[in-house]
Number of protein chains: 2
Amino acid sequence: MTYSHPKLLVAIDCLVFGYDLSEESLNILAFQRKVEPYAGDWSLIGSFINEGEDMSQAARRVLKQFTGLDDVFLEQLHVYGNADRDPGGHVLSILHWSLIKLDDLHKETAEKHGARWFPIDQMPELVLDHGDMVQLGMQKLVTNAKTRPLGFELLPEEFTLPQLKRLYDAIYGRQLDDRNFRKRMLSTELLEKLDKKDKSTSKKGAFLHKFNKEKYEELAEKGYLLDLDVK
Amino acid sequence: MTYSHPKLLVAIDCLVFGYDLSEESLNILAFQRKVEPYAGDWSLIGSFINEGEDMSQAARRVLKQFTGLDDVFLEQLHVYGNADRDPGGHVLSILHWSLIKLDDLHKETAEKHGARWFPIDQMPELVLDHGDMVQLGMQKLVTNAKTRPLGFELLPEEFTLPQLKRLYDAIYGRQLDDRNFRKRMLSTELLEKLDKKDKSTSKKGAFLHKFNKEKYEELAEKGYLLDLDVK
DNA sequence: CTAACAAGCGTTTTGATAACGTTTAAGACT
DNA sequence: AGTCTTAAACGTTATCAAAACGCTTGTTAG
């Protein structure tokens with residue numbers, strides 16, 4: 001080690017949004033803190049970063065521990081750096097966020113670790129500044145959903161257009177026009193229609209689609225800007 | 001201290017954009033690194049965060065030291081958290097960015113500290129991952145300039161519409177249509193026209209304007225979204 | 001065979017903006 | 001004094017995208 005300077009405790013906290021397709025509800029993962037101060041209070045999932053550990057690796061480690069998941073959407077979001085934000089000591093927290101599709105398996109994995117999924121409108125009080133983190137994450141979800149293909153991270157590989165539409169309803173907190181929504185989505189030419197129907201929500205059934213991520217990323221490289229801001 | 005866990009070195013680095021109105025050029029502040037490894041190489045300005053010091057305070061401290069400025073646009077931008085990003089040791093860097101108006105005084109203050117202002121298209125090679133930081137900052141400047149009132153941070157209190165237009169030309173890297181630009185800017189009703197003219201660039205002179213920041217922030221609170229994406 | 005209903009498709013209206021032309025103010029030049 | 005020059009300021013039209021809304025289709029349940 002070349003540098004000589006006091007060091008800091010650095011934590012990563014992770015705001016995980018999980019969409020439950022069967023209930024069509026957007027949820028956030030919280031867990032009961034095990035260390036003092038505030039042991040037993042609800043908080044986001046998190047961990048200190050270890051010496052020599054990449055920050056992104058620490059984030060993946062935490063997410064894996066509480067959800068069992070690898071290879072899902074996981075990005076840094078914001079740094080909380082006030083020296084007095086945690087009465088237990090000067091801890092810098094780097095908030096991350098993750099988007100996953102929720103199923104019963106994840107719910108079990110969570111419970112095993114003292115964690116629970118809460119619908120976004122039924123969050124309990126959170127410890128420290130974790131309430132602010134949730135608020136920021138909700139804002140970012142809404143704004144980013146308009147310009148990035150985040151919706152597909154919250155749904156299974158195959159989904160119907162009505163399902164996708166109701167997901168965006170949940171994110172934006174209002175009813176979109178299904179006809180304009182469909183038109184906009186299809187106009188991107190990023191969805192592949194399959195020859196299968198899902199009949200879980202209607203007699204007629206709705207065609208399943210897949211999001212062509214490769215095509216999107218190729219276009220994005222060339223400067224393509226997605227715009228999913230529909231009324 | 002309640003927690004027992006290994007700590008990390010945490011630095012803040014600051015990408016400072018300075019707009020020189022007289023030369024109508026956008027610049028970035030770089031300085032010659034004083035510590036090994038890579039002493040003498042160009043880098044962004046930065047510092048380690050001290051024990052008990054707020055991150056934002058550390059950022060302000062660095063900016064003040066190299067520019068003499070307080071109370072200017074300064075925000076966190078991105079965390080660089082790879083354990084091996086610095087061969088001198090595991091140092092987490094929290095990139096910040098700042099936007100200021102450049103004048104001769106700031107150039108002198110910079111030189112006193114071994115720092116220099118470089119036009120954005122004439123940046124030298126930077127140390128470590130600081131080149132990535134500049135690239136990210138440039139991207140963010142372009143995208144954020146479309147939805148936030150960043151331009152006014154780079155200009156003096158009073159400016160003319162042609163000056164503002166040429167600033168955005170520099171940011172976007174292309175010539176905007178002056179008539180559409182003016183219309184869009186005025187349509188926000190966030191500019192106050194003064195009874196003074198600036199004649200530095202024409203015989204006729206151009207009316208000076210002020211940006212009504214209070215009005216903008218009031219509107220922004222209520223959900224107003226600025227849109228300065230003009231052709 | 002018909003009722004019910006979500007899914008899917010289509011048309012009209014509206015409004016924003018890109019593209020471009022014209023007028024104005026003031027110093028420079030004769 | 002009158003004309004020229006030039007950036008600044010103002011205005012108009014054509015184009016296109018999206019908001020608003022109506023209609024048809026496919027399937028099952030009764």
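Below, read A as the first sequence line, B as the second, and so on, with proteins coming before strands; counting in each chain starts at 1. Basis for what follows: all heavy atoms, side chains included, without hydrogens, waters or symmetry-related copies. Given the structure is predicted, the values throughout are model-derived calculations rather than measurements.
- When atom types are taken as modelled, the side chain of N27(A) and the backbone of S25(A) share a donor-acceptor pair closer than 3.5 angstrom.
- Distance CG (L164(A)) to C1' (dA6(C)): 16 Å, rounded to an integer number of Å.
- No donor-acceptor distance shorter than 3.5 angstrom exists from the side chain of T147(A) to the backbone of L226(A), with no hydrogens or angles considered.
- Side-chain atoms of K183(B) and base atoms of dT17(C) include no donor and acceptor less than 3.5 Å apart.
- Here dA19(C) presents its P atom at 10 Å from CZ of R174(B), a figure rounded to the nearest Å.
- Distances shorter than 4.0 Å separate some side-chain N or O of K199(B) from OP1 or OP2 on dG27(C).
- If you take CG of D177(B) and C1' of dG11(D), they are 13 Å apart, rounded to a whole angstrom.
- The side-chain hydrogen bond (donor to acceptor under 3.5 Å, both in side chains) with N212(A) is formed by just one residue from the set E192(A), E217(A), E218(A), E189(A); it is E192(A).
- Taking the ring centre of Y19(A) as origin, the terminal cationic atom of K101(A) falls outside the region bounded by 6.0 Å and 45° from the ring axis.
- The base of dA9(D) lies outside donor-acceptor range of the side chain of D178(B), with no N or O pair under 3.5 Å.
- Residue whose closest nucleotide on DNA chain D sits further toward the 5' end, between S202(B) and K193(B): S202(B).
- In this structure, M185(B) places its CE atom 15 Å from C1' of dT17(C), rounding to the nearest Å.
- For the pair L228(A) CG and dA18(D) P, the interatomic distance rounds to 11 Å; values are reported in whole Å.
- Closest contact between the side chain of R179(A) and the listed nucleotides dT27(D), dA19(D), dC21(D) involves dC21(D).
- Atom-to-atom, CG of L176(A) to P of dA20(D) comes out at 12 Å; the value is rounded to the nearest Å.
- The nucleotide whose nearest atom lies closest to any side-chain atom of V230(B) is, among dC21(D), dC20(C), dA18(C), dA18(C).
- Comparing R184(A) and K203(A) against DNA chain D, the residue whose closest nucleotide sits nearer the 5' end is R184(A).
- Checked against dA8(D), dA19(C), dA18(D), the side chain of R166(B) finds its nearest nucleotide in dA8(D).
- Side-chain atoms of K204(B) and base atoms of dA7(D) include no donor and acceptor less than 3.5 Å apart.
- Applying the 4.0 Å criterion to OP1 and OP2 of dA26(C), one finds that K197(B) has a side-chain N or O inside that range.
- Whole-Å rounding puts the R182(B) CZ to dT24(C) C1' distance at 12 Å.
- Formation of a donor-acceptor pair under 3.5 Å by the Q163(B) side chain with backbone atoms of T160(B) is found in this model.
- Atoms CZ (F207(B)) and C1' (dT24(C)) sit 11 Å apart, rounded to a whole Å.
- Residue T201(A) places at least one side-chain N or O closer than 4.0 Å to OP1 or OP2 of dA7(C).
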